[in-house]
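Quick notes on the structure that follows.
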Number of protein chains: 2
Amino acid sequence: MSIQGIFPIEKWDFKSESILADLPGEDLKLLMARKLEQAYKKGEIIFKEEAYPSGIFYIARGKAKKYKLDKDGREQIIYVANTGELLGYHAILSGDNYPDSAAVMEDSIIVFIPKEDFLETLRQSDVLNRRLLKTLSHEFVVLTNSLTLFAQRSVRERLALQLIVVREKYKVDFEPGMPVEINMSRDDLASLVGTARENVVRMLSEFKSEGIVETRGRRIIVLDVKKLIKVANFS
Amino acid sequence: MSIQGIFPIEKWDFKSESILADLPGEDLKLLMARKLEQAYKKGEIIFKEEAYPSGIFYIARGKAKKYKLDKDGREQIIYVANTGELLGYHAILSGDNYPDSAAVMEDSIIVFIPKEDFLETLRQSDVLNRRLLKTLSHEFVVLTNSLTLFAQRSVRERLALQLIVVREKYKVDFEPGMPVEINMSRDDLASLVGTARENVVRMLSEFKSEGIVETRGRRIIVLDVKKLIKVANFS
DNA sequence: GGAAAAAAGTGAGGAAAATCAATTTTTAAA
DNA sequence: TTTAAAAATTGATTTTCCTCACTTTTTTCC
């Protein structure tokens with residue numbers, strides 16, 4: 001059985017198109033009327049779980065993680081968002097407080113859009129409406145896959161799959177054809193996979209001796225995606 | 001820390017209001033124009049993972065599980081839907097095939113609404129549009145909680161929490177004040193918790209000896225919700 | 001009501017992963 | 001460049017949970 005059979009590649013959000021891409025100029029203008037562009041340093045927090053949502057955030061450049069803390073304060077990363085993605089709109093739409101926290105994983109440019117402007121644009125724009133419905137339902141499908149991943153797969157399989165997914169997110173930072181370096185801390189990788197850092201380290205060194213990956217300091221280079229797909233599938 | 005702090009009760013979908021409740025009569029008429037009402041026997045499948053979605057399903061009466069099969073054919077239950085809930089609309093909205101399967105857990109009445117009618121109503125009805133956006137984003141929040149539940153909590157904690165959640169779903173079948181019997185197979189409970197049946201059985205008998213639950217054949221009666229909340233939280 | 005089938009329950013043993021306790025390497029900052 | 005701090009790595013130990021093999025109970029259906 002191919003990996004597509006179980007986890008269709010397109011459901012893993014390799015290239016999630018921006019919600020705002022080719023939005024009618026008029027709508028975009030309204031949405032961006034009072035935007036606030038800000039530089040964030042690596043590690044800075046964008047918003048915190050349970051906080052009242054005051055707006056949405058557009059990643060103009062950089063990467064951010066969405067995560068929840070457990071009762072011992074350990075992070076569980078739910079999603080890694082890339083340049084062009086929107087953060088914090090679920091809470092605005094559902095009327096809940098933020099269900100999770102978000103922090104940038106590298107120096108980033110984040111655009112803040114006030115809640116009122118977002119909701120007003122939504123009232124006026126059929127396109128944004130449809131786009132959001134489609135994005136949300138797709139995200140739902142992706143999250144469903146993540147859930148079964150956690151419930152049914154071993155740590156080794158999960159790590160293999162996340163390496164494939166995460167590599168795609170770092171791809172955009174490198175010239176086509178150049179080796180892609182995953183520049184993510186072992187801690188973040190562990191919390192994305194849902195395991196302890198030590199396990200990630202151990203399995204990475206297994207992958208190294210199997211010729212699947214190579215490391216340069218903290219950075220990880222995937223040498224053989226096909227083998228990773230195999231590991232993610234069976235084993 | 002209270003359970004609300006970590007998993008706010010209202011985010012566990014105890015009483016998910018029907019999407020179709022108080023929809024304008026006109027919209028409802030259009031939506032239901034070509035509906036097909038059908039009786040399903042316990043265990044019957046409503047739709048299958050990866051199938052092309054031909055419409056949406058409204059649970060007029062009964063309960064259904066949404067689930068995915070792993071490569072060894074074992075079920076992972078993602079969600080238990082109750083009377084009044086809508087199934088299969090994520091796929092219609094996102095343009096994907098069904099990401100999961102659905103089957104009724106007891107004899108049920110299911111109303112089928114053709115894809116075209118649903119989409120046409122959506123085009124015409126602002127109310128339905130807003131309702132769906134809100135429901136979807138809320139469901140997203142709920143699913144996010146489920147994800148961290150799997151990633152961060154032990155089997156014992158997960159079982160305790162699911163007993164609380166599931167009990168609420170069976171509540172509607174009993175007179176107020178009467179003891180609520182959870183009439184779910186150990187297998188289904190195990191696959192909802194994400195563990196083996198044996199573990200569920202063992203922990204249930206622990207809960208029994210701790211005076212937390214009582215069983216009558218397959219049926220489970222929760223005697224002490226507060227203790228369950230404690231188990232779900234710490235332990 | 002009784003037989004067959006299905007589901008629930010029990011126990012032992014083993015594998016996977018978490019935890020604890022270090023050491024070494026890398027990165028960042030003065 | 002040096003040094004301190006942070007991050008990565010390794011090994012040993014413990015815990016949790018899964019699996020297998022089996023018995024008992026409950027449910028279903030003639």
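Per chain, numbering begins at 1; letters A, B, ... match sequence-line order. Just so you know, these numbers use all the heavy atoms, side chains as well, and skip hydrogens, waters and symmetry mates. Computed from a prediction, not measured in an experiment: that's the story for all the values here.
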List in chain and number order the residues that pass side-chain hydrogen bond (donor to acceptor under 3.5 Å, both in side chains) with [X], two or more places apart in sequence or in another chain; answer none if no residue qualifies.
X      : value
B:E198 : none
B:D187 : B:R197
B:T195 : B:N199
A:S108 : none

Terminal axes of the helix from C:dG1-D:dC30 to C:dA30-D:dT1 (five pairs each): angle between them, nearest 10 degrees: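 End axes: 60° apart.
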In whole Å, I'd like the distance from the [atom1] atom of [X] to the [atom2] atom of [N].
X      : N      : atom1 : atom2 : answer
A:R186 : C:dT27 : CZ    : C1'   : 13 Å
A:Q76  : C:dA18 : CD    : C1'   : 15 Å
A:R156 : C:dA18 : CZ    : C1'   : 18 Å
A:F150 : C:dA16 : CZ    : C1'   : 16 Å
A:D72  : C:dA18 : CG    : C1'   : 13 Å

Between [Y] and [X], does any NZ, NE, NH1 or NH2 come within less than 4.0 Å of an OD or OE carboxylate oxygen?
X      : Y      : answer
A:E214 : A:R216 : yes
B:E157 : A:K71  : yes
B:E75  : B:K68  : no
B:D107 : B:K41  : yes

Could you tabulate the donor-acceptor pairs under 3.5 Å formed by side-chain atoms of residues 52-63 of chain A, not counting sequence neighbours?
| from | atom 1 | to | atom 2 | distance (Å) |
| --- | --- | --- | --- | --- |
| A:Y52 | OH | A:K115 | NZ | 2.8 |
| A:K63 | NZ | A:D173 | OD1 | 3.4 |
| A:K63 | NZ | A:D173 | OD2 | 2.7 |

Set of residues satisfying ring-ring contact (aromatic ring centres under 6.0 Å, His included) with respect to A:F140, sequence neighbours excluded: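 Residues passing ring-ring contact (aromatic ring centres under 6.0 Å, His included) with A:F140: B:H90.
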Taking every non-hydrogen atom, the tightest pair across B:V80 and B:E85: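 Of all heavy-atom pairs spanning B:V80 and B:E85, the closest is O-OE2, 4.3 Å.
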Counterpart residues, salt bridge (charged side-chain N to carboxylate O under 4.0 Å, His left out), relative to B:D70 (two or more places apart):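 By the salt bridge (charged side-chain N to carboxylate O under 4.0 Å, His left out) rule, B:D70 matches B:R74.
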Indicate every side-chain donor-acceptor pair of residues 200-208 of chain B with a distance under 3.5 Å to a residue at least two apart or in another chain.
| from | atom 1 | to | atom 2 | distance (Å) |
| --- | --- | --- | --- | --- |
| B:S205 | OG | B:R202 | O | 3.0 |
| B:E206 | OE1 | B:R156 | NH1 | 2.6 |
| B:K208 | NZ | B:T215 | OG1 | 3.0 |

Sugar-phosphate only, base, or nothing, as touched by A:R74 at under 4.0 Å among non-hydrogen atoms: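 Counting heavy atoms under 4.0 Å across all strands, the contact made by A:R74 is with sugar-phosphate only.
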A:N199 side chain near C:dA16 phosphate (N/O to OP1/OP2, under 4.0 Å):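 Answer is no, no contact under 4.0 Å.
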Give each protein N/O atom lying under 3.5 Å from an N/O atom of nucleotides 10-15 of chain C, with the pair distance.
| from | atom 1 | to | atom 2 | distance (Å) |
| --- | --- | --- | --- | --- |
| C:dG11 | N7 | B:R202 | NH1 | 2.9 |

Opening and closing nucleotides of DNA chain D in contact with chain B, under 4.0 Å to non-hydrogen atoms: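 Terminal contacting nucleotides, 5' to 3': D:dC17 to D:dT27.
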Close N or O pairs between protein and nucleotides 24-26 of chain C (under 3.5 Å):
none

